[in-house]
Trainee: 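Could you have a look at this structure, given as C-alpha cells, before my questions?
Chain A is the first sequence line, chain B the second, and so forth, proteins listed ahead of strands; every chain is numbered from 1.
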2 protein chains.
Amino acid sequence: MASVDRSLVEGLPLFAGLTPEQVDRMLQEAQSIRYAKGTNVFQHDEEAHSFFILLHGHLRVFKLTPDGQQVVVRFVAPGEVFGVAMAIGRTTYPATAQAVVDSIALVWPSAAWPRLVATHPGLAVNTLQTVGSRLQDAHTRVVEMSTEQVERRIAHALLRLAKQSGRKVEAGVQIDFPITRQDVAEMTGATLFTVSRVLSAWESQGLVAGGRQRMMIREPHKLFLLAEGLPD
Amino acid sequence: MASVDRSLVEGLPLFAGLTPEQVDRMLQEAQSIRYAKGTNVFQHDEEAHSFFILLHGHLRVFKLTPDGQQVVVRFVAPGEVFGVAMAIGRTTYPATAQAVVDSIALVWPSAAWPRLVATHPGLAVNTLQTVGSRLQDAHTRVVEMSTEQVERRIAHALLRLAKQSGRKVEAGVQIDFPITRQDVAEMTGATLFTVSRVLSAWESQGLVAGGRQRMMIREPHKLFLLAEGLPD
DNA sequence: CCAACTCTTTGCGCAAGATCAAGTACGGTC
DNA sequence: GACCGTACTTGATCTTGCGCAAAGAGTTGG
C-alpha cells in the first residue's frame, strides 16, 4: 500500500504523546482502504480482524435486534478511531459500520494491537480516554431515554450531530452527510413517523430546514432551549 | 492505614498480569475506607480525587437530572473498580456512588494514576477492558430502551442483577442487597407504579418473589424467555 | 419522459404506560 | 406495643407516541 501522509494523522487523539518517529512506524503497518457508499466496513459478530481510523467520509454504526430493527449507536467522523473491539477485550465486532458516503480509513490488523500497545503504552491510555468518552455519551443517552420525551430526545440528537459533524454556513449549521428521518428515529428510539411530524413542526417554525436526507439547524440556540425543556 | 491482605485482591481483573510484588506495592499506596449504608462514596460533579476497588458491600451509581429525577447507571459489586473518572479523562465524577449497605473500598488518590499507569502499563490495558465492557452494557441498554417494552426491559434488568449480584439458594436466585421497586424503575426508565404492577403479576405466576426491598428470581429460565420475547 | 424506488408527510385509531389518588403492609423506634 | 415513616399495591383516568394506511415528492435509470 502507498504510505500515508503524516499530516493527515498528526494531532489525532490516538497518537497524542507519541513522537513523530513512532507515528511513522505505526503508519507503516497500516493500509489505507476505500469503502464505497453503502458498503460495510465491518459487520456485527464478524471476527474483529482490524481496527481503524477514519480519514475521510462518514460511517453509521448500528446494532441489529433479533427482529431486524436497527439502532444507531453513533456516526463516525473523520479523525475518529473505530472498530477497537480487540482493545476492549472482544473477539468479534459488537455492531456494524456502514459507509454513508464514500469513505477512506486507515486499517491495522487487530493482531498487531498487543504489540503496538506494548511498544507505545500511550496508545492504551489514549484509547481509554476515547472509550471513556463514548461511555459518557452512552450514559447520557440512557438518561435521556429514561427521562425525556421524544421531542427533547430528537433535539438532543440533532444538537449532538451538529456538534460532531456540523458545518457552519450562513443560514445555520448543516449536517454534512446524508441522514434520513429513519436514522434520527433509530438514534432516539422513536418511530420514523413521529420524527417526521416533529421535524415538520420545527421546519414550519423556522427552527430547522432540510428535505430528503438533508438536515440543517437554523436556530441552534432555540433548539438547545427546547432540548433542555426551558420555556420558549 | 492498616495494610491490606493480598488475598482479598488477588485475581481481580485490574491486577491481571501484574506480579505479586507489583500488587503489593500498589496496595501500600491504598487506603481501605468504610462507608456506612446510605452515605455517598463520591458525588456527581465533585472533583475526582480518588479511584476505588470495592472490597465489600454494594453501591448504587446514579445520575441526577436537572429536575431531580434519578437514573441508576449501575450497581457495583465487590471486586469491581469504580470512580475511574481520571483515567477516562475527566476531572470530576460523572455520577454519584452511594452505599446501599455498609461497604468497604480500597482507595487510591487519582493523582497517583498517571504514575501507576506509567509503572504498570498493564493497568491501562486492564482498565480499558473494564471500561469497554461497561460501554457494551450501556449500548445494550440503549438498544433495549429503543426497541423493547417495559416488561421485557424489567426482565432484562433483573437478569442482569441476578448475574452480577445473585446468590443461588434452594428456591431460586436471590439478589443479595436491598433493592426497591423504585430502583428497578430507575434502571429501566419505567415508573415505580408500572414496575410494581409487573412484579406483582410475576409474583402471582411464581416467576419471582420478594417483598420489601427484597428480590428473588424463582424461575430464571422462564424470566429469560420473557426477556427475549419468546413464546411462553 | 416515464417507471420504479425511496424518502417523506399526514390522518386516524389505539394501547402502553404515565399520572393521580387512595389505600395497605412492613420495619424500626421510643 | 403503639407510632411513624417508608415501601409497596391497586384502581381510575389521561396522554404520548405508536401502528397502519395512503398518498405526495424527490431521485435514479432506462
Trainee: Between P on C:dC26 and CE on B:Met215, what's the gap in Å once rounded to a whole number?
Mentor: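 Distance, rounded to whole Å: 16 Å.
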Trainee: What's the CE-C1' distance between B:Met145 and C:dG17, to the nearest Å?
Mentor: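 About 13 Å, once rounded to whole Å.
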Trainee: Within this structure, what is the CD-to-C1' distance between B:Gln149 and D:dG17, rounded to whole angstrom?
Mentor: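 Going from B:Gln149 (CD) to D:dG17 (C1'), I get 13 Å.
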Trainee: Could you run down nucleotides 5-12 of chain D 5' to 3' and tag each one B, S or - for protein heavy-atom contact under 4.0 Å?
Mentor: BBSSBBBB
Trainee: Inspect the surroundings of CD in A:Glu47 and state if more than 12 heavy atoms from other residues, nucleotides or ligands are less than 6.0 Å away.
Mentor: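 Not buried by this count: 12 neighbours or fewer within 6.0 Å.
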Trainee: Report the C-alpha separation of A:Gln70 and A:Arg60 in whole Å, then their side-chain angles, then the decisive distance to 0.1 Å, and conclude whether the side chain to side chain donor-acceptor pair (under 3.5 Å) test is met.
Mentor: CA-CA 11 Å; A:Gln70 296 189 358; A:Arg60 180 174 168 277; 2.8 Å; yes
Trainee: Would you call the rings of A:Phe75 and A:Phe177 parallel, tilted or perpendicular if under 30° counts as parallel and over 60° as perpendicular?
Mentor: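 Rings of A:Phe75 and A:Phe177: tilted, as their planes differ by 30° to 60°.
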Trainee: So does B:Gln213 have more than 12 non-hydrogen atoms from other groups sitting under 6.0 Å from CD?
Mentor: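 Check passes, neighbour count above 12.
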Trainee: Rounded off to whole Å, could you give me the CD-to-P distance for the A:Glu186 and C:dC7 pair?
Mentor: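 Result: 11 Å.
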Trainee: Could you tell me how far apart B:Gln69 (CD) and C:dA18 (P) are, to the nearest whole angstrom?
Mentor: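 Atom CD in B:Gln69 sits about 11 Å away from atom P in C:dA18.
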Trainee: Would you kindly give the CZ-to-P distance between B:Arg153 and C:dG17, to the nearest whole Å?
Mentor: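 The answer, rounded to whole Å, is 7 Å.
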Trainee: For B:Gln43 and B:Glu46, work out which heavy atoms get closest and say how close.
Mentor: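 Where B:Gln43 meets B:Glu46 most closely, the heavy atoms are N-OE1, 2.6 Å.
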Trainee: Kindly indicate whether a cation-pi arrangement holds for A:Arg90 with A:Tyr93, taking the cut-offs as under 6.0 Å to the six-membered ring centre and within 45° of the axis.
Mentor: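 Checked: cation-pi criterion not met.
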